[in-house]
Amino acid sequence: MGSKLVISLVLVFDLIAFGLAIAAEQRRSTATVVADNEKNYTYCVYDSDIATWFGVGALLFLFLSQVVVMGATKCFCCGSAMRPGGSRSCALILFFVCWLTFLIAEASLLAGAVRNAYHTRYRTLFFVDPPTCQTVRRGVFAAGAAFIFFTTILTELYYITFSKAQNTMNPSYDKNNIGMGTY
């Protein structure tokens, strides 16, 4: 089994990232169309931008979690050779799948944070159609949170199977043993 410190640190970082992504979804910017004092123009007024910073925080904590796991496993390719077997194959598959879900989560969080920070600032004449006050769509940060959840599970499984593949002692691969039999 892998280091309990790495497992718990990654779990804490991922839980913080998940919580921040959920908070970002709940606190998305909303906009209202407001007329100026002379009622000649209309423009958009946005509420707080806290969801942008929640999204950026979730992105950074998820990135930090991935750095910890990849640093502990030496990114799967830069370390001692692993024992052949099912654990190595499973670790390889989990390595690629956890990177895929990580990239999807990061892209979703980044897109949500950028879109939430964008504010339409133009004015239109009062008798013309009101401006479209663009905001981030519902579910962008929630999709990021869902992929953070998947990344958490896959990363933990990857680290455990990687550790198992490195620590598996098979007598036929032991340097001090002649692999002729179990006796």
Side-chain angles (χ1 to χ4, degrees), residues 1-31 44 46-80 82 85-120 132-167:
M1 178 114 175
S3 167
K4 291 180 182 172
L5 176 66
V6 172
I7 291 172
S8 59
L9 193 62
V10 167
L11 186 62
V12 166
F13 286 158
D14 284 341
L15 286 176
I16 292 171
F18 182 78
L20 287 172
I22 294 295
E25 179 66 29
Q26 296 298 318
R27 299 290 308 254
R28 288 177 295 118
S29 291
T30 57
C44 298
Y46 292 87
D47 61 352
S48 89
D49 259 351
I50 193 71
T52 299
W53 298 110
F54 284 154
V56 169
L59 184 133
L60 291 176
F61 272 105
L62 184 62
F63 180 76
L64 189 60
S65 167
Q66 195 77 355
V67 166
V68 168
V69 168
M70 293 304 142
T73 62
K74 297 182 180 87
C75 202
F76 196 83
C77 59
C78 300
S80 61
M82 295 178 9
S87 293
R88 182 175 73 173
S89 302
C90 188
L92 181 64
I93 292 168
L94 286 170
F95 173 77
F96 287 118
V97 175
C98 84
W99 267 105
L100 177 68
T101 58
F102 167 76
L103 291 174
I104 293 171
E106 290 283 310
S108 179
L109 292 170
L110 182 63
V114 167
R115 190 70 181 149
N116 193 67
Y118 176 74
H119 297 303
T120 307
T132 57
C133 302
Q134 298 178 359
T135 58
V136 66
R137 288 185 166 196
R138 171 180 277 162
V140 174
F141 289 115
F147 278 100
I148 288 172
F149 177 73
F150 295 141
T151 302
T152 301
I153 292 170
L154 292 170
T155 303
E156 296 285 344
L157 288 174
Y158 161 68
Y159 181 70
I160 291 169
T161 56
F162 180 87
S163 298
K164 184 178 177 185
Q166 281 203 321
N167 295 334

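Below, all heavy atoms of this structure are taken into account, side chains as well, without hydrogens, waters or symmetry copies.
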Between atom [atom1] of [X] and atom [atom2] of [Y], what is the distance when rounded to the nearest 0.5 Å?
X	Y	atom1	atom2	value
F18	L62	CZ	CG	12.0 Å
S163	Y158	OG	OH	9.0 Å
F95	C90	CZ	SG	14.0 Å
S3	I160	OG	CD1	11.5 Å
R115	T52	CZ	OG1	11.5 Å
L20	I22	CG	CD1	10.5 Å

S65 (side chain) donor-acceptor with F61 (main chain) under 3.5 angstrom: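 Flag not set: sc S65 to bb F61 has no pair under 3.5 Å.
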Quick one: do L64 and L60 satisfy side-chain contact (heavy atoms from CB on, under 4.5 Å)? Show the steps, please. CA-CA 6 Å; L64 189 60; L60 291 176; over 6 Å; no
Show your reasoning for whether side-chain contact (heavy atoms from CB on, under 4.5 Å) applies to F54 and E25. CA-CA 9 Å; F54 284 154; E25 179 66 29; over 6 Å; no
Which residues pass the side chain to side chain donor-acceptor pair (under 3.5 Å) test with T155, not counting sequence neighbours? none
Would Q66 and T151 count as a side-chain contact (heavy atoms from CB on, under 4.5 Å) here? Give the steps. CA-CA 9 Å; Q66 195 77 355; T151 302; 4.2 Å; yes
Do the two ring centres, one from F147 and one from F150, sit under 6.0 Å apart?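 That pair passes the under 6.0 Å test.
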Side chain to side chain contact (heavy atoms under 4.5 Å, CB included) filter on F63, not counting sequence neighbours, yields V67, F102, E106
